[in-house]
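Lettering follows sequence order; numbering is per chain, from 1.
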Number of protein chains: 2
Amino acid sequence: MERLPGFRDFYPEPVPHKDVWSADARQFIFGKWRETARRYGFREYDGPPLESLELFTTKSGEEIVGQLYNFTDKGDRAIALRPEMTPTLARMVAAHERAYKKPIKWFALPQLFRYERQQKGRLREHFQFNADIFGESDAAADAELIALLIDTLRSFCLTAEDFVIRLSSRNAWQEFYERGTQNRERPTEGEYHFYQVIDKLERTPPEETERKLVALGFSLVDVNRFIEAGEPTLELKAMLDNLAARGLRDFVKVDYRVIRGLAYYTGPVFEAFDRKGEFRAIAGGGRYDNLVKLVSGGKVNLPALGFGLGDVVLLELLKARGLLPQFDGGVDVFVLIEDETLRPASLKLIQDLRTAGRVVEYSLTPAKPDKQFKRAQELKAARTVMVGANSTVRVRNLDTRQEKIGLAAEVVGLLD
Amino acid sequence: MERLPGFRDFYPEPVPHKDVWSADARQFIFGKWRETARRYGFREYDGPPLESLELFTTKSGEEIVGQLYNFTDKGDRAIALRPEMTPTLARMVAAHERAYKKPIKWFALPQLFRYERQQKGRLREHFQFNADIFGESDAAADAELIALLIDTLRSFCLTAEDFVIRLSSRNAWQEFYERGTQNRERPTEGEYHFYQVIDKLERTPPEETERKLVALGFSLVDVNRFIEAGEPTLELKAMLDNLAARGLRDFVKVDYRVIRGLAYYTGPVFEAFDRKGEFRAIAGGGRYDNLVKLVSGGKVNLPALGFGLGDVVLLELLKARGLLPQFDGGVDVFVLIEDETLRPASLKLIQDLRTAGRVVEYSLTPAKPDKQFKRAQELKAARTVMVGANSTVRVRNLDTRQEKIGLAAEVVGLLD
């Protein structure tokens with residue numbers, strides 16, 4: 001029986017086939033995500049992988065349904081597997097924000113799902129590091145969030161030569177749009193369509209962009225001039241100064257070509273890219289000050305901002321830059337049992353070592369000494385330990401080949 | 001908007017409402033599960049939360065569909081959210097077992113789903129620690145697996161006075177069944193029905209059990225005599241000796257009332273219970289030597305055994321025994337910014353401390369000194385640090401109230 005198309009199996013290293021993924025690499029990535037978020041004072045949360053379809057259509061409109069992994073459940077409810085975390089988070093924050101001091105700084109590591117028309121090799125799920133701040137409208141919060149994103153990428157040993165955060169502003173574009181339309185009628189959704197054109201600028205032939213812009217009453221020349229000037233807004237200026245004070249200025253640049261497709265962003269927006277431009281965006285985010293109000297039906301109003309960083313592009317980048325470590329089981333001790341009469345004493349020793357926090361392996365059943373030793377080497381065990389007569393043990397360091405002999409009761413001390 | 005019935009939201013502590021769950025407690029539990037599994041040399045894997053419905057009906061028959069969270073996807077596939085991990089694991093092992101040395105020792109922490117007729121407060125998902133061994137038929141593997149279960153529960157400071165593993169054997173019951181039916185016709189599914197009666201023994205009135213047993217050609221007296229004798233099979237004896245050698249004998253007892261409902265178990269089976277009998281089973285597992293063959297359509301044949309330990313009963317037990325720690329954000333340092341001209345220098349300090357691995361919080365925007373200090377106390381920060389004139393810093397231990405003054409560039413050393 002096969003797994004469903006677009007889903008991944010995660011195996012322990014060494015990964016046995018090119019069509020399956022590394023569970024160790026995934027845990028390595030999750031570990032760095034968690035550890036960096038905690039250093040920044042972010043607290044972990046999680047919600048259900050399934051939500052009512054309405055939660056997602058409220059936020060993103062009915063068009064999103066075409067991309068959702070949605071279905072009808074046995075209770076005739078319209079359900080979707082979450083395509084992003086923000087609606088769940090906005091729902092959770094709206095329900096209990098009064099119990100938390102502001103700013104709320106939370107993170108999660110959700111698995112997200114989509115169901116588009118099948119394209120070969122296209123995944124229908126991925127994992128994402130989501131970090132969000134609620135209750136602070138000052139640009140200091142945007143800088144804190146971007147610093148977290150930078151340090152998350154740096155935790156994998158990526159440098160300013162590997163990636164850059166392209167910083168932009170919905171406010172700047174809104175002003176541009178309003179300036180350009182101030183003396184004429186503004187068609188419904190005109191602003192949204194204008195943002196869509198900017199969002200697709202880099203992936204669209206200039207003639208097509210020009211045609212669309214003219215239809216909206218703009219010109220490509222004016223748009224390009226605005227982008228090339230790249231004059232930071234006061235808000236972006238404050239963020240840049242804040243990041244400069246932290247020594248992180250080299251990791252960001254103003255780039256108004258970034259605008260973020262989603263309708264709900266309201267202020268500064270940003271995307272992280274590899275400097276060589278080989279991969280899709282590594283991460284993206286920005287302010288969405290109106291979403292909590294929308295999701296709570298007007299009951300709660302909190303400024304908000306956040307980013308999402310997926311596991312798939314990050315993994316591709318780390319592989320390409322040679323930044324994935326070799327993974328193994330981290331076996332500290334392989335216990336050799338050469339004399340089966342000593343198996344009970346060896347089991348006691350194994351128990352003691354594990355109780356002391358060591359990763360311990362051994363042969364479950366009788367095996368020839370050379371076979372056991374070979375297995376210890378395959379597992380890259382740091383040491384072998386063998387119980388001898390009179391409750392002694394022989395500890396061997398497999399790197400240095402040094403041996404120590406001591407009492408079984410003191411084996412933990414012999415490992416240092 | 002509300003979350004779906006039977007699903008959980010996980011919030012950072014302090015948990016704001018009795019209807020939501022603690023994300024910190026969940027991560028605490030996951031951490032212990034992972035850490036103990038690794039000490040035992042188990043490697044982590046994961047599979048998709050969705051599988052084809054057929055994977056589950058192949059293993060458990062069509063009856064299981066009534067309890068599954070199943071639906072039809074947009075590609076008209078019959079799909080189910082996984083109700084247990086074992087079918088996925090058997091599929092994964094069957095696909096790539098040749099790439100791994102035996103025994104394969106793997107674990108996972110999946111979220112599992114079910115959709116039964118709604119009962120108030122009944123959850124439709126939970127998390128489970130799954131540990132399995134493939135490729136070893138000796139009872140030494142069963143003992144290793146049970147030792148892992150014991151040490152997992154002990155990692156939460158549960159003792160032999162809190163829980164016990166009730167050890168039983170499908171082989172023993174199979175022999176009992178065959179002995180009892182040797183001179184007469186054995187109806188189809190008779191053995192399966194007999195096991196179901198034993199499985200429900202403790203929850204069924206004796207008269208009803210007696211009636212069902214008689215219909216199958218047995219008597220309650222004989223069954224009870226067999227249970228009370230509790231004579232361990234050779235296999236169980238080997239497991240008990242092995243566990244005794246590890247010093248874990250007090251955590252297990254032979255109890256033939258345990259038989260495990262699922263059809264696929266083949267050898268030793270076991271369940272963990274709290275000693276006071278207040279809760280449902282904490283964990284359960286056993287041998288299922290035929291499942292890989294079944295799932296692989298006969299291509300791969302590997303002996304196998306495993307257990308599942310859920311998060312919900314465990315959490316109830318830990319709460320009842322007062323074994324859940326107090327959770328907070330673990331803030332190492334709260335940086336006080338009393339003079340806004342020193343904010344850039346403070347941001348630099350914050351960056352240095354976080355780069356050194358410390359959990360650092362501060363006020364994103366200007367705030368009165370006493371308000372900042374109060375926030376540091378609320379967050380249970382271990383220390384406050386304040387940048388002063390001439391690149392000095394003042395470090396204050398909030399427990400001992402001791403203060404140190406030094407250079408900002410050497411702040412990390414001042415924390416020790």
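Heavy-atom pairs under 4.5 Å with chain A were tallied for B/G47, B/A99, B/G329, B/P14; the largest tally goes to B/G329. The choice from B/V295, B/N70, B/L347, B/T72 that makes the most heavy-atom pairs within less than 4.5 Å of chain A is B/L347. Comparing A/D328, A/T355, A/D352 by heavy-atom pairs within less than 4.5 Å of chain B, the highest count is held by A/D328. Interface summary for chain A: among B/V331, B/I104, B/L50, the most heavy-atom pairs under 4.5 angstrom belong to B/L50. Contact count against chain A (heavy-atom pairs under 4.5 Å) is highest for B/V359 among B/L349, B/V359, B/L248. Across A/E13, A/R375, A/E144, the residue that shares the most heavy-atom pairs under 4.5 angstrom with chain B is A/E144. Listed options B/R343, B/R26, B/E125 were ranked by heavy-atom pairs under 4.5 angstrom with chain A; first place goes to B/R26. In terms of heavy-atom pairs under 4.5 angstrom with chain B, the leader among A/I350, A/T88, A/N242 is A/N242.
Atom CD of B/E35 has more than 12 neighbouring heavy atoms from other residues, nucleotides or ligands inside a 6.0 Å radius. Counting non-hydrogen atoms of other residues, nucleotides and ligands closer than 6.0 Å to NZ of A/K102 gives a total above 12.
Heavy atoms of B/F113 lying under 4.5 Å from chain A belong exclusively to its side chain. Neither the backbone nor the side chain of A/L379 comes within less than 4.5 Å of any heavy atom in chain B. With a 4.5 Å cut-off on non-hydrogen atoms, A/D332 does not touch chain B at all. Using a 4.5 Å cut-off between heavy atoms, A/R34 touches chain B through its side chain atoms alone. Interface remark: B/D24 contributes side-chain atoms only to the contact with chain A (heavy atom separation under 4.5 Å). For A/V20, the part sitting under 4.5 Å from any heavy atom of chain B is the side chain, from C-beta outward, and nothing else. Only the side chain of A/E378 comes within contact range of chain B, with heavy atoms under 4.5 Å apart. For a residue to count as touching a neighbouring chain, one of its non-hydrogen atoms must lie under 4.5 Å from one of that chain's; by this rule A/Q111 touches chain B with the side chain only. Of the atoms belonging to A/W106, it is side-chain heavy atoms, and not backbone ones, that fall under 4.5 Å from chain B.
Rounding to the nearest 0.5 Å gives a distance of 8.0 Å between CD of B/Q351 and CD1 of A/I150.
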Q: Let me see the working for A/E51 and B/R3 under salt bridge (charged side-chain N to carboxylate O under 4.0 Å, His left out), right down to the final yes or no.
A: CA-CA 6 Å; A/E51 297 269 8; B/R3 68 175 175 278; over 6 Å; no
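Ring-plane geometry between A/Y100 and B/Y11 is classed as parallel, the angle between the planes falling under 30 degrees on a 0 to 90 degree scale with a further cut at 60.
A salt bridge is absent between B/R8 and A/D46: the closest approach of a Lys/Arg side-chain nitrogen to an acidic carboxylate oxygen does not fall below 4.0 angstrom. Look at B/E361 and A/K105 and you find a salt bridge, because one of the NZ, NE, NH1 or NH2 atoms lies within 4.0 Å of a carboxylate O, short of that distance. Salt bridge annotation for A/R354-B/D151: absent, with no cationic side-chain nitrogen under 4.0 angstrom from a carboxylate oxygen.
With a 4.5 Å cut-off on side-chain heavy atoms, B/P48 and A/D9 count as touching. With contacts defined as side-chain heavy-atom distances shorter than 4.5 Å, the pair A/D138/B/L364 does not qualify. Contact of the A/Y69 side chain with the B/D73 side chain is registered, since non-hydrogen atoms from C-beta on lie closer than 4.5 Å. Between B/R246 and A/K348, the closest side-chain pair of non-hydrogen atoms is not below 4.5 Å. For the pair A/M92 and B/P16, the minimum side-chain heavy-atom distance is 4.5 Å or more. A/R358 has its side chain out of reach of B/R39: every pair of non-hydrogen atoms, C-beta onward, lies at least 4.5 Å apart. Between A/H96 and B/V15, every side-chain heavy-atom pair lies at or beyond the 4.5 Å cut-off.
Closest approach of A/E44 to B/Q27, counting heavy atoms only: OE1-CG, 3.4 Å. When every heavy atom of A/Y45 is checked against every heavy atom of B/A23, the shortest pair comes out as CA-CB, 3.9 Å.
Side-chain atoms of A/K74 do not come within 3.5 Å of backbone N or O of B/F71 as any donor-acceptor pair.
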